[in-house]
Amino acid sequence: MSAIAQVENPAIEEPSRKLAALTLACLSLVFLASVVFKPPTAGPSGDYFTVCGFKNLTGLPCPACGLTHSFCALGKGNLTDAFAFNALGPLLFLALALTWLRAVLILANRTEPVAAFDRLTTRFKLVRNFVIAFGVFGVARILYLVFVVRPESLGQSPLMRLVARLFG
């Protein structure tokens, strides 16, 4: 970036090369794991081990439930399964791939594409819109499961057992 541009607009900062290197390393590991890792599949009861505290407490999936399976399906080229595991998984995977590319461009000193990417994400408020989309998706999925599917695991969750004990 030229000294004149910095004087005219002091708010413009060079992207952090350290953060770009860390982003590149972490996302490379995520993408590698997506190709190599095979997450456990559901057993006959439809349940499988999960580290999701929300799902373990309520028996319902959080907005992020299924992302590991979705990413792994994408890593193996199965787009249909990726959408089935989490409808927003492929979109998040794409956003992370673009973030990975941004990190590569920063490390390659390609500031113009990085600045264009940053303007685009700021203009369309992509991070905020992703958070809103995940929130809406999570609420819609929970409502669908509770009122349409009514899974058996819901009644067996610690939260529902507590509610039954308190009000039953």
Side-chain angles (χ1 to χ4, degrees), residues 1-37 39 50-149 151 159:
M1 178 181 299
S2 71
I4 296 171
Q6 286 181 336
V7 171
E8 289 176 2
N9 190 353
I12 296 176
E13 296 180 22
E14 289 286 327
S16 168
R17 293 178 60 79
K18 288 181 184 177
L19 183 58
L22 180 64
T23 300
L24 183 66
C26 291
L27 288 179
S28 293
L29 288 174
V30 167
F31 297 141
L32 178 64
S34 296
V35 172
V36 174
F37 183 64
T50 179
V51 295
C52 178
F54 184 83
K55 185 167 186 165
N56 288 330
L57 179 66
T58 66
L60 296 167
C62 76
C65 279
L67 284 177
T68 300
H69 283 81
S70 181
F71 280 25
C72 290
L74 284 169
K76 292 162 187 60
N78 195 333
L79 187 62
T80 305
D81 282 353
F83 276 109
F85 287 122
N86 187 309
L88 296 177
L91 296 175
L92 181 60
F93 193 89
L94 175 62
L96 293 177
L98 291 173
T99 302
W100 183 89
L101 180 60
R102 179 185 182 273
V104 168
L105 292 170
I106 289 170
L107 294 173
N109 289 322
R110 300 290 312 265
T111 57
E112 288 183 29
V114 171
F117 178 82
D118 291 348
R119 283 191 304 272
L120 186 70
T121 58
T122 302
R123 179 177 180 196
F124 293 107
K125 299 177 177 130
L126 292 181
V127 173
R128 182 194 72 173
N129 290 336
F130 249 107
V131 170
I132 291 170
F134 267 94
V136 169
F137 169 72
V139 169
R141 181 163 64 170
I142 288 170
L143 292 174
Y144 173 76
L145 287 172
V146 168
F147 294 112
V148 178
V149 176
L159 180 64

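Here, residue 1 is the first one in the sequence, and each next residue gets the next number. Everything numeric here is computed off the predicted structure, so don't read it as measured data.
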Rounded distance (nearest 0.5 Å) linking atom [atom1] of [X] with atom [atom2] of [Y]:
{"X": "Leu29", "Y": "Phe31", "atom1": "CG", "atom2": "CZ", "answer": "10.5 Å"}
{"X": "Arg141", "Y": "Asn86", "atom1": "CZ", "atom2": "CG", "answer": "5.0 Å"}
{"X": "Phe93", "Y": "Leu98", "atom1": "CZ", "atom2": "CG", "answer": "11.0 Å"}
{"X": "Leu94", "Y": "Thr99", "atom1": "CG", "atom2": "OG1", "answer": "9.0 Å"}
{"X": "Leu126", "Y": "Leu91", "atom1": "CG", "atom2": "CG", "answer": "11.5 Å"}
{"X": "Asn109", "Y": "Glu14", "atom1": "CG", "atom2": "CD", "answer": "8.5 Å"}

Main-chain N/O of Ser34 paired to Lys76 side chain as donor or acceptor, under 3.5 Å:
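Side chain of Lys76 to backbone of Ser34, a donor-acceptor pair under 3.5 Å: yes, one is there.
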Can you check whether Asp118's main-chain N or O pairs, donor with acceptor, with Thr121's side chain at less than 3.5 Å?
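At least one qualifying donor-acceptor pair exists.
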Closest non-hydrogen atom pair, [X] against [Y]:
{"X": "Cys72", "Y": "Phe37", "value": "SG-O, 3.6 Å"}
{"X": "Leu74", "Y": "Pro90", "value": "CD1-CA, 3.5 Å"}
{"X": "Val51", "Y": "Asn56", "value": "C-ND2, 4.2 Å"}
{"X": "Pro113", "Y": "Leu105", "value": "CB-CD1, 3.7 Å"}
{"X": "Arg17", "Y": "Ile106", "value": "NH1-O, 3.1 Å"}
{"X": "Ala82", "Y": "Ser70", "value": "O-OG, 2.9 Å"}

Are Phe85 and Phe71, when compared by the centres of their aromatic rings, separated by less than 6.0 Å?
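No: the rings miss the under 6.0 Å criterion.
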Ring geometry between Phe134 and Phe130 (parallel below 30°, tilted from 30 to 60°, perpendicular above 60°):
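If you compare the ring of Phe130 with that of Phe134, the planes turn out parallel.
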Does the pair Trp100 and Thr23 meet the rule for a side-chain contact (heavy atoms from CB on, under 4.5 Å), with working shown?
CA-CA 7 Å; Trp100 183 89; Thr23 300; over 6 Å; no
